[in-house]
Engineer: 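Right, I'll just put the structure down here and ask away after.
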Amino acid sequence: MAKINFGGTVEDVVTREEFPMEKAREVLKSETIAIIGYGVQGPGQALNLRDNGFNVIIGQRKNSKTWDKAVADGWVPGQTLFEIEEAAEKGTIIQFLLSDAGQITLWPTIQKYLSPGKALYFSHGFGITFNEQTGIIPPKDVDVILVAPKGSGTSLRRLFLAGKGLNSSFAIYQDATGRAKDRVVALGIGVGSGYLFETDFKKEVYSDLTGERGTLMGAIQGIFAAQYEILRKNGHSPSEAFNETVEELTQSLMPLVAENGMDWMYANCSTTAQRGALDWWKKFKEATLPVFDELYNSVKDGKESQRSIDSNSQSDYRVKLEAELKELRESEMWQAGAAVRQLRPENK
Ligand SMILES: NC(=O)c1ccc[n+]([C@@H]2O[C@H](COP(=O)([O-])OP(=O)(O)OC[C@H]3O[C@@H](n4cnc5c(N)ncnc54)[C@H](O)[C@@H]3O)[C@@H](O)[C@H]2O)c1
Ligand SMILES: CC(C)(O)[C@@H](O)C(=O)O
Ligand SMILES: [Mg+2]
Ligand SMILES: [Mg+2]
C-alpha cells in the first residue's frame, strides 16, 4: 500500500507499483473467474482480464443478444462461454455483473454454486447493502468482495487499450478464506484499474448512487438544460447556446481540468472569465447544496435503491429507459449537439 496525502488526509492506496500484474497473476493462478453478466462492466472487465492473462469464463443466457456479443468478442461456447449455471459451477470466483435488479432475480440460482472457499465479487455495494430489499445474503463460508471501477465499463476497456486505467474502489464484506484481500486487489489490478482505494460496501453504494444522480449524470444534465434554456429564451441561437453550455466544456475546458485542476483551467481563461467564475461558483454551490443533501438522504433512506429496483425489475424496463433517453436525445439542446459534433474538423 502507498500512503498518499489527499488534501490533508493520508490514505492507503494500491498502485501498480505495489501490486504488479505478475503478482496479481500469481495470486489468481489457480482461480477460474466466472463473469456473470455481459452488459457494460462485464465486457470491460472480462476482456481486460483475458488480455492480462487470467483464466476467465463468461456465463450468459443462451440465445440472447449478450451471448452473441460475447461470441463476437471471441469467447468460445463450451470453452470460455457457458450458460449462467455452468459458468457459476466452474467459477471459483463469481463476478456478479448482472444489472443490480437482475442480480435479485438470479440470486437464488447463483447462491446454489457458492460452495465453501469460493469468492462472490460485485462491482457495486447495492445488492449487499440493501439486502432487505434485494434478498442477497451470501453464505458465511465464501469471500464477498467488491471492485467498483469509477467510470463506465466502456471507458475501462478503452483506457486499458490506450495503456491507461480507471481508478477503482475495493472492499471486503466477508473474508472466509483469509485470502479475500489478495483476491480483491489482484482482481482490481487485473481488470485494469489505475489505482485502488479502499472503501466498504455501504460507502461505495451511498457515494456511487449520489454521484451518478449528482455531478456525474443527473445534476450536469440539469444545469446544462437550465443554462441552455436561459440563453435561448434571451434570443441566442442553438449554436451559440450549445457551444456556450456543452461543447466548450467537453472540448476545451474539462480536458484542462483533468490535466491540472480547476484553478489551472481558470488561469488559462481570460481574467474577465476568472473574475466572474470566482464570483459565481459559490452562489451555485449554495443553490445546489440543499438538493445534494436531499439526494444523499434519499440514498441513505433506501428510497433510491427501491426506486431503481421497482423500475428496473419490470419486464419493459429497457423500453421505458430507452423512451426517456430518446426524449433527451431529441431535445433541441442535444439535437443541436448532434449537429455541432458533426461539424468538428475530425468528423468532417
Ligand atoms: N455500467 C457501468 O459501467 C458500471 C460501472 C460501475 C459499476 N457498475 C455495476 O456493475 C454491475 C453491472 O452493471 P452493468 O451496467 O454492466 O449492468 P447492465 O445493466 O448492463 O446489465 C448487465 C446484464 O444483466 C442482464 N440482466 C438484466 N436483468 C436481468 C435478469 N433479470 N436476468 C438475467 N440477466 C439480466 C442484462 O441483460 C445485461 O446483459 C452493476 O452492479 C452496476 O451497478 C456498472
Ligand atoms: C458509470 C457509473 C455511473 O459510475 C456507474 O456507477 C454506473 O452505475 O454505471
Ligand atoms: Mg453506479
Ligand atoms: Mg459509479
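For ligands, and for the atoms within them, numbers begin at 1 and follow the listed sequence.
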Engineer: So which heavy atom in the protein is nearest atom 29 (C) of ligand 1, and how far is it from that ligand atom?
Structural biologist: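 Nearest protein contact, heavy atoms only, for atom 29 (C) of ligand 1 is Gly102 CA, 3.6 Å.
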
Engineer: Using modelled atom types only, decide if a donor and an acceptor are shared between the side chain of Gln133 and the backbone of Gly302 within a distance under 3.5 Å.
Structural biologist: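 Yes; judged by distance alone, with no hydrogens or angles, the pair exists.
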
Engineer: Applying a 4.0 Å heavy-atom criterion (strictly less than), which segment of Thr105 is in contact with ligand 1: side chain, backbone, both, or neither?
Structural biologist: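 The part of Thr105 near ligand 1 is the side chain, not the backbone.
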
Engineer: Could you name the option among Leu97, Leu146, Thr66, Val205 that has the heavy atom nearest to atom 12 (C) of ligand 1?
Structural biologist: Leu97

Engineer: Taking the six-membered ring for Trp, are Phe126 and Phe130 parallel (under 30°), tilted (30 to 60°) or perpendicular (over 60°)?
Structural biologist: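 Phe126 and Phe130: perpendicular rings.
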
Engineer: Let me check your reading of the structure: within less than 2.8 Å of the Mg ion (ligand 4), is there an N/O/S atom from Asp208?
Structural biologist: yes

Engineer: Would you call the rings of Trp75 and Tyr38 parallel, tilted or perpendicular, where under 30° means parallel and over 60° means perpendicular?
Structural biologist: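 Perpendicular: the ring planes of Trp75 and Tyr38 meet at over 60°.
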
Engineer: If you define the side chain from C-beta out and look only at heavy atoms, does anything of Lys118 sit under 4.5 Å from Thr177?
Structural biologist: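 Result no, sub-4.5 Å side-chain heavy-atom pair not found.
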
Engineer: I want to check something: taking the side chain as every heavy atom from C-beta on, are Arg50 and Gln45 in contact at a cut-off of under 4.5 Å?
Structural biologist: no

Engineer: Quick one: look up the protein heavy atom nearest atom 32 (N) of ligand 1 and list residue, atom name and how far away it is.
Structural biologist: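 Going atom by atom, the protein heavy atom closest to atom 32 (N) of ligand 1 ends up being Leu106 CD2, 3.4 Å.
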
Engineer: Are Pro149 and ligand 1 in contact, using a heavy-atom cut-off of under 4.0 Å?
Structural biologist: yes

Engineer: How about Ser169 and Glu198: do any of their side-chain heavy atoms sit closer than 4.5 Å?
Structural biologist: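 No, every pair of side-chain atoms sits at 4.5 Å or beyond.
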
Engineer: Is the shortest side-chain heavy-atom distance between Asn48 and Leu156 below 4.5 Å?
Structural biologist: yes

Engineer: Assess Arg318 for proximity to ligand 1: is some non-hydrogen atom of it under 4.0 Å away?
Structural biologist: yes

Engineer: Ignoring angles and geometry beyond distance, decide whether Gly37 reaches within less than 3.5 Å of ligand 1 through its nitrogen or oxygen atoms.
Structural biologist: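 There is no such contact.
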
Engineer: Looking only at protein heavy atoms, which one is nearest to atom 3 (O) of ligand 1, and what is the separation?
Structural biologist: Gly153 N, 2.8 Å

Engineer: Given Gln41, Gln60, Arg61, identify the one with the heavy atom nearest to atom 37 (O) of ligand 1.
Structural biologist: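 Going through Gln41, Gln60, Arg61 one by one, Arg61 has the nearest heavy atom to atom 37 (O) of ligand 1.
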
Engineer: Looking only at atom types and distance, does a side-chain atom of Arg307 sit under 3.5 Å from a main-chain N or O of Ser311, one as donor and one as acceptor?
Structural biologist: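 Not at all, since once roles are kept as given, no pair shorter than 3.5 Å links the two residues.
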
Engineer: Tell me whether Thr288 contacts the main-chain N or O of Lys285 through its side chain, where contact means a donor paired with an acceptor under 3.5 Å.
Structural biologist: yes

Engineer: May I ask you to identify the nearest protein heavy atom to atom 11 (C) of ligand 1, giving residue, atom name and distance to one decimal place in Å?
Structural biologist: Leu98 O, 3.7 Å

Engineer: Quick one: does Ser155 get a heavy atom under 4.0 Å from ligand 1?
Structural biologist: no

Engineer: Can you tell me which residue and heavy atom of the protein come closest to atom 40 (C) of ligand 1, and the distance to 0.1 Å?
Structural biologist: Asp100 OD1, 3.4 Å

Engineer: Can you find an N or O of Ser99 that's nearer than 3.5 Å to an N or O of ligand 1?
Structural biologist: yes

Engineer: Look at atom 9 (C) of ligand 1 and say which protein heavy atom is nearest, naming residue and atom and giving the distance to 0.1 Å.
Structural biologist: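 The closest one turns out to be Ser123 O, 3.8 Å.
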
Engineer: Output the atom name for the N/O/S atom of Glu212 with the smallest distance to the Mg ion (ligand 3).
Structural biologist: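 Nearest N/O/S atom: OE1.
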
Engineer: Examine ligand 1 and decide if any of its atoms is less than 4.0 Å from a heavy atom belonging to Trp67.
Structural biologist: no

Engineer: Tyr317 heavy atoms, cut-off 4.0 Å: which ligand 1 atoms fall inside?
Structural biologist: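 By the 4.0 Å cutoff, the relevant atoms are 27 (C), 28 (N).
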
Engineer: Quick check, are the ring centers of Tyr296 and Phe292 under 6.0 angstrom apart?
Structural biologist: no

Engineer: Polar contacts were defined as any N/O atom of the residue lying under 3.5 Å from an N/O atom of the ligand; does this apply to His124 and ligand 1?
Structural biologist: no

Engineer: Does NZ or CZ of Lys300 lie under 6.0 Å from the centre of the six-membered ring of Tyr206, at an angle within 45° of the ring axis?
Structural biologist: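 No, cation not above the ring by the 6.0 Å, 45° rule.
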
